[in-house]
Amino acid sequence: MSLLRPRCGFYELNHATSILTQGDHSLLLKALEKDVECEWAMLYIKRWLTAPLQMADGTLVERNRGTPQGGVISPVLANLFLHYTFDVWMNKHYPGVPWCRYADDGLAHCRTEQEALALMAALDARFAQCQLQMHPDKTKIVYCKDRDRKKKYPVTQFDFLGYTFRPRLAKNSKRNIMFVSFTPAVSNKAVKAMRQTTRKRNFRNLTDLSLADIARSYNPVLRGWLQYYGKFCRSAMYPVFRHFNMTLVAWARKKYRRFKHHKTRACMFLDQLATKQPHLFVHWQKGMVGGFA
């Protein structure tokens, strides 16, 4: 994720479509032949690509293009095809432009808007040559607005790999001043998904469990979120952990009769527990114990 932090003025984002549904088999097989040396593997891949697709009503549909969506190796084949379509091509024709790609999403760092527009046109032609197309809605040029880049552009933020990159207030600790920086933080969509995951675990109704049981069960999940999404702007994770803390409050009110009609007392109980046993939950260990009130 550190690679994505802006070193240039513009990001050119692209999203490749039609790989799974319309990709040409001959081009895909040509790419596979560069890496797959086992003849048996190539034989079964060819058979799998051309095997007819059975519909819900039992009818068979012949396939001569693309790979079936949901297929176990479809993402692997698409990723390999994009390696030659995008990765190798970028390194060859634009060696001075930093870029990154994850699956069918990618971005490139451009210094000027003209460079970004030229790259977008070149990528459009390259994808058309490989019988692909860039997503018309997801492909865009983003201006990295910050303290030094103050121009007005229609798009100044984007989401990538669960992060939202946009202008944010940051603090220079050495000079003790605030300034605007184009930085990443967990996206609203990712926050919503994490809260939904906590909700589905239904801890508030599992009164047969102890806090230690809940910690043992959910700490690996919380640790994963904190290590990935808390890498940058950890404070943006506060709504996720506040939601989990309030889930613990609901659990305590159902488990202990003395808290049933006293939410404040339940909050105080868990707040004191977080102070006495900060190592019980991962986010408590990091000092994120607020949100009980």
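Note that the numbering runs from 1 along the sequence shown for the chain.
You'll find the side chain of Ile214 reaches within 4.5 Å of the side chain of Phe244, heavy atoms only. Contact annotation: the side chain of Leu77 approaches that of Leu28 to within less than 4.5 Å [non-hydrogen atoms, C-beta and beyond]. When side chains are defined from C-beta on, Arg258 counts as touching Phe269, because their heavy atoms get closer than 4.5 Å. Looking at Arg234 and Leu226, their side chains come closer than 4.5 Å, going by heavy atoms from C-beta outward. Side-chain contact check for Gln285 versus Leu280: every heavy-atom pair is 4.5 Å or farther apart. The side-chain heavy atoms of Lys263 and Met246, taken from C-beta on, include a pair separated by under 4.5 Å. Using a 4.5 Å heavy-atom cutoff, the side chains of Met194 and Thr198 are not in contact. The shortest side-chain heavy-atom distance between Val249 and Phe259 does not fall under the 4.5 Å cut-off.
Phe203 does not carry Arg201 over the face of its six-membered ring by the limits of under 6.0 Å from the centre and within 45° of the normal. Cation-pi check for Arg265 over Tyr256 is not met; the charged atom does not lie both under 6.0 angstrom from the ring centroid and within 45 degrees of its normal.
Note that CG of Leu82 is 7.0 Å distant from CG of Asp104, once rounded to the nearest 0.5 Å. Distance CE/Met42 to CD1/Ile45: 6.0 Å, rounded to 0.5 Å. One distance of note links CG of Asp159 with CZ of Phe165; it measures 9.0 Å at 0.5 Å rounding. Note that NE2 of His25 is 12.0 Å distant from NZ of Lys46, once rounded to the nearest 0.5 Å. Taken from NZ in Lys145 to OG1 in Thr156, the straight-line distance is 6.5 Å, to the nearest 0.5 Å. Here OG1 of Thr275 is found 10.5 Å from CG of Leu270. Values are rounded to the nearest 0.5 Å.
Of all heavy-atom pairs between Glu113 and Tyr153, the closest is OE1-OH, 3.2 Å. For the residue pair Ala250 and Arg204, the shortest heavy atom distance occurs at CB-NH1, 3.5 Å. Tyr143 approaches Arg149 most closely through the heavy-atom pair OH-CB, 3.0 Å. Taking both residues in full, the closest heavy atoms of Ala266 and Ala252 are given as CB-CB, 4.5 Å, listed atom of the first, atom of the second, then distance. Of all heavy-atom pairs spanning Ala108 and Leu119, the tightest one is CB-CD2, 3.6 Å. When all heavy atoms of Phe158 and Val142 are compared, the closest pair comes out as CD2-CG1, 3.8 Å.
Not a single donor-acceptor pair under 3.5 Å links the side chain of Ser217 to the backbone N or O of Asp213. Under a 3.5 Å cut-off, the side chain of Asp146 and the backbone N or O of Phe182 do not form any donor-acceptor pair. At distances below 3.5 Å, not a single donor-acceptor pair connects side-chain atoms of Asn79 with backbone N or O atoms of Tyr102. A donor-acceptor pair under 3.5 Å is absent between the side-chain atoms of Arg126 and the main chain of Phe86, judged by distance alone. Here the side chain of His262 pairs no donor or acceptor atom with the backbone of Thr264 at under 3.5 angstrom.
Asn245 and His283 share a donor-acceptor pair across their side chains, judged by distance under 3.5 Å alone. Side chains of Trp99 and Asp87: no donor on one and acceptor on the other come within 3.5 Å.
Within 6.0 Å of atom NZ in Lys255, more than 12 heavy atoms from other residues, nucleotides or ligands are found, so the atom counts as buried in its surroundings. The environment of Tyr44 atom OH is sparse: at most 12 non-hydrogen atoms of other residues, nucleotides or ligands sit within 6.0 angstrom. Around the CD atom of Glu37, the shell of radius 6.0 Å holds no more than 12 heavy atoms that belong to other residues, nucleotides or ligands.
In this structure, Tyr163 has its ring center under 6.0 Å from that of Tyr228.
Following chains of ILVMFWY side-chain contacts shorter than 4.5 Å, one cannot reach Val76 starting from Leu32, and the two form parts of different hydrophobic clusters. Residues Val180 and Phe232 fall into different hydrophobic clusters, defined by Ile, Leu, Val, Met, Phe, Trp and Tyr side chains chained together at heavy-atom separations under 4.5 Å.
Partner Val240 forms a side-chain contact (heavy atoms from CB on, under 4.5 Å) with one of Val191, Leu222, Val186 and no other, that one being Val191.
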Would Val97 and Glu115 count as a side chain to side chain contact (heavy atoms under 4.5 Å, CB included) here? Give the steps. CA-CA 10 Å; Val97 177; Glu115 183 180 24; 3.6 Å; yes
Show your working on side chain to side chain contact (heavy atoms under 4.5 Å, CB included) between Lys260 and Arg253 and close with a plain yes or no. CA-CA 5 Å; Lys260 183 176 182 179; Arg253 294 181 67 188; 5.8 Å; no
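A search for side chain to side chain contact (heavy atoms under 4.5 Å, CB included) contacts involving Thr197 returns Tyr218, Trp225, not counting sequence neighbours.
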